[in-house]
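Working notes, beginning with the structure itself.
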Amino acid sequence: MKIPQSVYESNDVVKISKYLLGKYLYTFIDGQFTGGYIVETEAYNGIIDKASHAYGNRRTPRTETMFGTGGTAYVYLCYGIHEMFNVVTSKEGEPHAILIRAVNPTEGLEIMQQRRNMTVLKNTITSGPGSVAQALGISRKINGISLQSDTLWIEDKGLVFPESAIAAVPRVGVAYAGEDALLPYRFYVKGNPYVSKPNK
DNA sequence: GTTATGATCTCCT
DNA sequence: GGAGATCATAACG
């Protein structure tokens, strides 16, 4: 039961960010199947959001993926080291995206551990956007792929968190964005051990 | 062609 | 608690 294309084409990126909590993200990459449910997301709200790469309608080869139609993957390299995975939403021409910051792994734990080069299994295996991408085998090769594909997709398995278990707080690592850095565009499941940093 | 910088993580003190 | 790693991208000359 993949999440249908129509959901991604909605223009309310904040709402979708919240909706994605508890949805299962799966990858089938290099012949390995891994996945888990999403416990932390961040919304990037188009050209009016100073924290977004597409702020001010900045259209470049890199952000081109975000300007495409919803339901595709936007993957890029940050700090020269970390790949980051985002879900593009809304219609073509509107650069909305959702950064997947943390996942609670359920499938292929050993494979993730191997990819992350960990000798001991810890909660940090999928805690934080760079870690999630590495554990799931996501790289820039996947940039622009459809979430209806059999490489990377999201499923609704009926897992829902009550409103009281979801926190909405300012985003991380976007201090340069001025007042937009204060917007409560980061959502996470309270108390989940895989949520990054301030786990409250 | 050159330069500055980042939607971060890990390890060391 | 803090710095270093490390390079694609974008803005500028």
Side-chain angles (χ1 to χ4, degrees), chain A residues 8 13-14 16-18 20-21 25 36 38-68 70 72-90 94-105 112-144 147 152 154 167-188 192-200:
Chain A
Y8 299 115
V13 67
V14 174
I16 303 174
S17 301
K18 203 163 159 187
L20 283 181
L21 294 175
L25 171 64
I38 298 165
V39 295
E40 186 177 359
T41 60
E42 265 182 19
Y44 285 85
N45 193 16
I47 62 175
I48 58 164
D49 185 349
K50 288 186 185 149
S52 170
H53 293 154
Y55 172 64
N57 212 25
R58 190 168 40 200
R59 198 158 180 157
T60 66
R62 180 177 65 162
T63 60
E64 196 58 32
T65 307
M66 270 204 279
F67 282 89
T72 54
Y74 172 46
V75 185
Y76 79 99
L77 186 72
C78 188
Y79 295 104
I81 301 180
H82 304 288
E83 318 263 5
M84 306 248 193
F85 167 60
N86 300 250
V87 176
V88 177
T89 68
S90 195
E94 280 201 90
H96 294 183
I98 300 169
L99 174 67
I100 306 300
R101 293 190 55 87
V103 162
N104 188 323
M112 295 190 197
Q113 189 176 339
Q114 209 174 306
R115 281 177 178 152
R116 297 267 289 123
N117 249 327
M118 299 177 89
T119 48
V120 186
L121 194 58
K122 289 186 297 195
N123 290 344
T124 55
I125 188 166
T126 50
S127 175
S131 305
V132 169
Q134 191 183 6
L136 294 177
I138 294 170
S139 72
R140 278 163 291 158
K141 281 186 292 192
I142 314 247
N143 185 38
L147 297 187
L152 173 64
I154 301 177
V169 299
R171 290 170 291 184
V172 176
V174 294
Y176 59 85
E179 68 270 19
D180 285 349
L182 301 175
L183 295 169
Y185 280 180
R186 175 184 178 223
F187 300 96
Y188 64 90
N192 186 286
Y194 294 98
V195 171
S196 69
K197 271 209 224 162
N199 183 16
K200 289 179 184 172

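Note that this is a predicted model, so its numbers are computed, not measured. Lettering follows sequence order; numbering is per chain, from 1.
Residue-level contact check: Thr124(A) touches neither bases nor backbone, having no heavy atom under 4.0 Å from any strand. Contacts of Arg101(A) with the nucleic acid, taken as non-hydrogen atoms under 4.0 Å apart, involve only primed sugar atoms and P, OP1 or OP2. Met118(A) comes within 4.0 angstrom of nothing in the nucleic acid, heavy atoms only.
Remark: the His53(A) side chain and the dA7(B) base include a donor-acceptor N/O pair separated by less than 3.5 Å.
Counting to the nearest Å, the P atom of dC9(B) and the NZ atom of Lys122(A) are 14 Å from each other. Put simply, OH on Tyr74(A) is 9 Å from P on dT9(C), counting in whole angstrom units. Distance CZ (Phe85(A)) to C1' (dC9(B)): 20 Å, rounded to an integer number of Å. Straight-line distance from the CZ atom of Arg59(A) to the C1' atom of dA10(C): 17 Å, rounded to whole Å. Whole-Å rounding puts the Lys50(A) NZ to dA7(B) C1' distance at 17 Å. Spacing between atom CE of Met84(A) and atom C1' of dT8(B) amounts to 5 Å, rounded to whole angstrom units. Taking atom CG on Asn123(A) and atom C1' on dT10(B), their separation rounds to 16 Å, with Å as the unit. The CD1-P distance, from Ile125(A) to dT10(B), rounds to 11 Å in whole Å.
Within the 4.0 Å cut-off from OP1 or OP2 of dC9(B), not a single side-chain nitrogen or oxygen of Arg116(A) is found. For the pair Thr60(A) and dA10(C), the criterion of a side-chain N or O lying under 4.0 Å from OP1 or OP2 is met. Considering only side-chain N and O atoms, Arg62(A) lies under 4.0 angstrom from the phosphate OP1 or OP2 of dA10(C). An OP1 or OP2 oxygen of dG4(C) is reached within less than 4.0 angstrom by no side-chain nitrogen or oxygen of Tyr79(A).
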Can you run through DNA chain C from 5' to 3' and write each base as (, ), [, ], | or . depending on how it pairs? Watson-Crick or G-U wobble, both distances under 3.5 Å.
|||||.||||||.
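Considering only the side chain of Tyr176(A), dA7(B) comes nearest among dT10(B), dA7(B), dA8(C). Picking from dT6(C), dT10(B), dA8(C) the nucleotide with the shortest atom distance to the side chain of Ile81(A) gives dT6(C). Closest to the side chain of Arg58(A), from the set dA7(B), dA11(C), dA8(C), is dA11(C). For Pro61(A), taking side-chain heavy atoms from C-beta onward, the closest of the listed nucleotides dT10(B), dA10(C), dA7(B) is dA10(C).
Residues that satisfy the ring pair (Phe, Tyr, Trp, His ring centres under 6.0 Å) test with His82(A), not counting sequence neighbours, are absent from this structure.
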Quick one: do Phe85(A) and Leu99(A) satisfy side-chain contact (heavy atoms from CB on, under 4.5 Å)? Show the steps, please.
CA-CA 6 Å; Phe85(A) 167 60; Leu99(A) 174 67; over 6 Å; no
Report the C-alpha separation of Gln134(A) and Arg116(A) in whole Å, then their side-chain angles, then the decisive distance to 0.1 Å, and conclude whether the side-chain hydrogen bond (donor to acceptor under 3.5 Å, both in side chains) test is met.
CA-CA 6 Å; Gln134(A) 191 183 6; Arg116(A) 297 267 289 123; 3.2 Å; yes
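Within a 6.0 Å radius of NZ in Lys18(A), no more than 12 heavy atoms belonging to other residues, nucleotides or ligands are found. Remark: Gln114(A) CD is loosely packed, at most 12 non-hydrogen atoms of other residues, nucleotides or ligands lying under 6.0 Å away.
Remark: Arg101(A) engages Glu42(A) in a salt bridge, criterion side-chain N to carboxylate O under 4.0 Å.
The aromatic ring centres of His53(A) and Tyr44(A) sit 6.0 Å or more apart.
Atom-to-atom distance recorded for Thr89(A):OG1 and Ile16(A):CD1 is 4.5 Å, nearest 0.5 angstrom.
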